[in-house]
4 protein chains.
Amino acid sequence: MKKLIIISSFLTTLVIAGFGQRKTVNLPDIPGYVTLKCDFHMHTVFSDGDVWPTVRIDEALRDGLDAIAITDHLEYTPKKDFIPVDFNAAWKIGETYARERNFILVHGTEITRKMPPGHFNALFITDASLIAKDSVWDSFEAAAKQGAFIQWNHPGWKSQQPDGIPKMYDIHQRLIKNGWLHGIEFFNDNEYYPLVFTFCNQYNLALMGNSDVHGAISEAYSGDEYSNRPMTLVFAKNKSHDSLKEALFAGRTMVYFRDMLAGKEEYAKPFFYQCISVGKPYYQNDKSMFFEVTNRSDIPFYLFNGVKDAPSNITLAANSVTRVVLSKKVTVPLVYDVKNVLTGENEVLKIELK
Amino acid sequence: MKKLIIISSFLTTLVIAGFGQRKTVNLPDIPGYVTLKCDFHMHTVFSDGDVWPTVRIDEALRDGLDAIAITDHLEYTPKKDFIPVDFNAAWKIGETYARERNFILVHGTEITRKMPPGHFNALFITDASLIAKDSVWDSFEAAAKQGAFIQWNHPGWKSQQPDGIPKMYDIHQRLIKNGWLHGIEFFNDNEYYPLVFTFCNQYNLALMGNSDVHGAISEAYSGDEYSNRPMTLVFAKNKSHDSLKEALFAGRTMVYFRDMLAGKEEYAKPFFYQCISVGKPYYQNDKSMFFEVTNRSDIPFYLFNGVKDAPSNITLAANSVTRVVLSKKVTVPLVYDVKNVLTGENEVLKIELK
Amino acid sequence: MKKLIIISSFLTTLVIAGFGQRKTVNLPDIPGYVTLKCDFHMHTVFSDGDVWPTVRIDEALRDGLDAIAITDHLEYTPKKDFIPVDFNAAWKIGETYARERNFILVHGTEITRKMPPGHFNALFITDASLIAKDSVWDSFEAAAKQGAFIQWNHPGWKSQQPDGIPKMYDIHQRLIKNGWLHGIEFFNDNEYYPLVFTFCNQYNLALMGNSDVHGAISEAYSGDEYSNRPMTLVFAKNKSHDSLKEALFAGRTMVYFRDMLAGKEEYAKPFFYQCISVGKPYYQNDKSMFFEVTNRSDIPFYLFNGVKDAPSNITLAANSVTRVVLSKKVTVPLVYDVKNVLTGENEVLKIELK
Amino acid sequence: MKKLIIISSFLTTLVIAGFGQRKTVNLPDIPGYVTLKCDFHMHTVFSDGDVWPTVRIDEALRDGLDAIAITDHLEYTPKKDFIPVDFNAAWKIGETYARERNFILVHGTEITRKMPPGHFNALFITDASLIAKDSVWDSFEAAAKQGAFIQWNHPGWKSQQPDGIPKMYDIHQRLIKNGWLHGIEFFNDNEYYPLVFTFCNQYNLALMGNSDVHGAISEAYSGDEYSNRPMTLVFAKNKSHDSLKEALFAGRTMVYFRDMLAGKEEYAKPFFYQCISVGKPYYQNDKSMFFEVTNRSDIPFYLFNGVKDAPSNITLAANSVTRVVLSKKVTVPLVYDVKNVLTGENEVLKIELK
């Protein structure tokens, strides 16, 4: 009693949507702040990237981001035989393009040195060409003079740190002392560096997560459901360039990549509770109560270490309602570890389902 | 400067989520009513389907539905050599299973006759076995006695109506006169019957859209982004079995399949405006104003026939924000036809972007 | 009795494969020739494209192509404020890069004029800068002097031909008379122009199918199973630059896009029979014989208009074995129309399942 | 210069292919044998599964398998209030259905006991009802009398073996001594048990890999590229029921799941070399030679531990051609470990690229 397929989608006969459209990303605001989705590290043909600057804005819009920085290298310009070096080119090309799209483009550049000190992005600058100096220290000073937010990039990158473990050299200590270092990448490309969490706490630096993409973003991150690029979630007073800058200097960030979140408990906890709501029991029988937990966000949460007689683990799939069957024997609070929300180098978020 | 891929998703090392979880479907409520997502036509091994009744509930939960009816055939039980005929089996197996999952199971059955009159589902019944009668008229009477909501299934199915065009026979007129016919399928499986819209208006019947699935739902509807099953959206006073029944008898339905919606303008218009919001202009230049339209729903909207100097068509992709660049020459209201929202056999919804 | 998911794929813990690898495309050779998969129309940052030339080679390798031409515009260089005009830049950058990857890069350029005559690609050239002339006729002459294969691009493009129907102007006739026009695009981007088939037959021109891609190819063609880019299949004596050129001038091409193939019957027929094999009957009962048809290619074939008592249509899905149940009443040859293989403007391939 | 999308696929307007068609699986034969793709463990509504027996055959055809066994439980029939117990029902329903589809259905059943001895499938039986005995030993004897091939199912299943490590009890030793045990599952569902490899070598048992699926197969294995079900590859003299049986008793098997293969070196080595071919160098420069390795199979191969100066690892993606750039300094054979082809509990296949 099966019938033929005779309806085709309207979609296939129309203009394909997508490019130039902004996907709705389900990552909630937290009380007092809007959550800006940002990526502060990427390249174009003006250094060693493979795409034109406007592509970076189109990609970011489609991924639902609010802000990016294009950070072409100062010291590495392998395409210069064909493209004259212009450290501000991406900014000049992108500035109006972004504004017309209700999108925040941050003027940035990458200071690109051997380790130590390694690679650094200077963000919110006014002229990248003034930061290109022989001495790396002079570069930092020039960036600082422009009011830059300076982040240390991929501190555990194996090409510069063969064991993969980030290391604070003397120059990093001096940068911090001078107030010239404000953030460190925890996520970069497809890597992460757990120790960065400890550095951030110790030196009061913002946790950063960025793609460092060189080719097309859709090829760098694809394949399954949780293949979004790394991003920095910035908790800003409102969606604007200046609020974004204020929030970064204040260190109000979390980082997000695939199905992993990391950030200080003071941000991770309210963020989690904004994602989740716990319903009233809708049914019971002799042994058990039944209730639902709604996860309105794009991030799944893996709850572990349930209390005695409660489910030992619960997966709150993204954008889903999960049924919990709870034994009536359980009388203590329903506390769990959230395995994929890191609040420290070796700590995960602890929450309660109320 | 590309690095190795070293992070794998947490997901792959954990229990796969999904089954038994309810996907969040972005189909908004309308003022005064909650929108219940329903499928009132499907089969199991107790007639000519291929799955066990609980599978139908699990599938529907995962698809984000609120209610289903399992409607095994009364007159067609090809598995009876192995499974004794029991017209209420799916209901008995599913009733508690659904309740434990905060899910509405509607007791139903399918009256399965040659055309005329064809196939009909009786919904909200109390005992299917009492509806199995030699005379089809007796079956209708028995269903009506149980207070059933009766829908005419796939009226243009080519096995019964070779030209594919639904036809009202004398018996259908008599059913309507008796108050024994309350809805007609506009969508069934992968078909739709435009003329049904006219019948519904003429005889005050509810527009219905259902899957009539026999195998696994995930195999019947798969492949691309808009591959959801057909469903009936019911505008009910609240999410409960009784409210659902009241709303169906009151004819408060729309139907939804792939990227097509159909329903009376009195429901389609508020539904559309609940999906969409139009932002304030965020930028302008000499010639144009720039603003954004947010579509918070899972349904794309294809806007056509724009006024002079406005974009002639706009695709509001699902769960996306679309930028509109509007010439300052435009002074009249921004009215559009919504090509994929049908409000009549040959009519589409007209809206205004305010 | 369901168990936990505890195996994760090796893949997720390893370097992601793909870039720099060549997908195996299942498009068979035909007797006497190898089938080269080619795309002769695309852009980079050296005209109005958005990517670096090596990206085009990497994309093509991944898509399983054997050859491409990069054809930046001579008359349209909107990025010239940042990138000095160099009509041979893509060739200089790509030549060795392609050779190291066992890939054929064809030196090309696009003559870009108003209609008439419109846009043309000159392929197998030696110096694009010599083709940039004030007079379009001089450009053609310069290209011809370099031994170029010249194709007319998107002759029905609505920006130049508002009704979408290709039209032969006087200049086209003169080009043909001079031997300066050798092919026409039937597929371009997501369009096709049926009338081109008739032009090709009338004037003995090669049928061409190309992407004309400007951004990342993976974003231009994505979404479902049949989302490959348009390509020109060239039947060459062997896989080499010179054989490719010889075959193009000899007009030995078919074009392929999504699930559509088009080409002269002399190529389409052997190509189809190389994709397909018909098995011996493996079973029979009173009424029917059962046999299998194997489709080893990536292209599905939709067979229609079966003879009396035979299945009226058969879909031979790509890379699949299809069971055919044949009534024993059928005694005539099993001939079919192949709906998605065009052999003329209004003709489809006729085949027999032997 | 971007154009509208105006071609829709033919596919969407036609009957959807797929069900009832057999996917072409790229898993090569080895010299002297055909490779039969098999799954010998699955359930239907006749025990605790959720689908009708013919669904299992349709699913297997679509997955490209050659043979399955349906193995409903003898001792666990939770649906018996609605479906009378009939241990041969799946066989009766499926026998002709399979034959008409050129598909091998193996008559089987599952002996389902507490550990020890646990669960066992008896395959190639003649009457399952005669194997249902009070004493498990009597069941084995009855199966053996029917000439059954007997496999031990999921020996490390945590519900029966809480530490997940398979353990040979006395009864298993006695079964082996009697010649009543012929295979053990290495893969079951989403689990695998490394120690099984050692048991197979020690007691000369066939390595088995099966799905043990209860619901729809498409829901049990889905999500990414390597989501095929577990299968047993059987190296048979030809594709027939009897050859399959002969090969199993002779222990000529490998097992395959996701991107993992396991089997004795005598099968794994020729299988690998049938998947792979190494091309002649196509290019060289001062330092390096360039050649291609083609992997014609659906399985990627992860090559590790390259010799000095050679690439330390190479990923041969499935159905792809991989370019290898080899330093001219390398003079020794290009040997590698294939990380995802296990040839023992702690051994992987060693190969040479010649």
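Throughout, protein chains are lettered first and strands after them, A, B, ... in sequence-line order, and every chain is numbered starting at 1. From a predicted model like this one, the values you see are computed outputs, not experimental measurements.
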Exercise. Is it the side chain or the backbone of Asp86(C) that comes within 4.5 Å of chain A heavy atoms, both, or neither?
Worked result: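 Contact with chain A involves the side chain of Asp86(C) alone.
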Problem set entry | Nearest heavy-atom neighbours spanning Ile83(C) and Phe82(A) | CG2-O, 3.9 Å
For this session: Let me know if Ala89(A) has heavy atoms under 4.5 Å from chain C in its side chain, its backbone, both or neither.
Result: both
Problem set entry | Heavy-atom proximity to chain C below 4.5 Å, by part of Val45(A) | side chain
Roughly how far apart are [X] [atom1] and [Y] [atom2], rounded to 0.5 Å?
| X | Y | atom1 | atom2 | answer |
| --- | --- | --- | --- | --- |
| Arg62(C) | Glu219(A) | CZ | CD | 4.0 Å |
| Asp81(A) | Ile93(C) | CG | CD1 | 9.0 Å |
| Lys79(A) | Thr54(C) | NZ | OG1 | 6.0 Å |

Problem set entry | Side-chain heavy-atom pair Val51(A), Val51(C) within 4.5 angstrom cut-off | yes
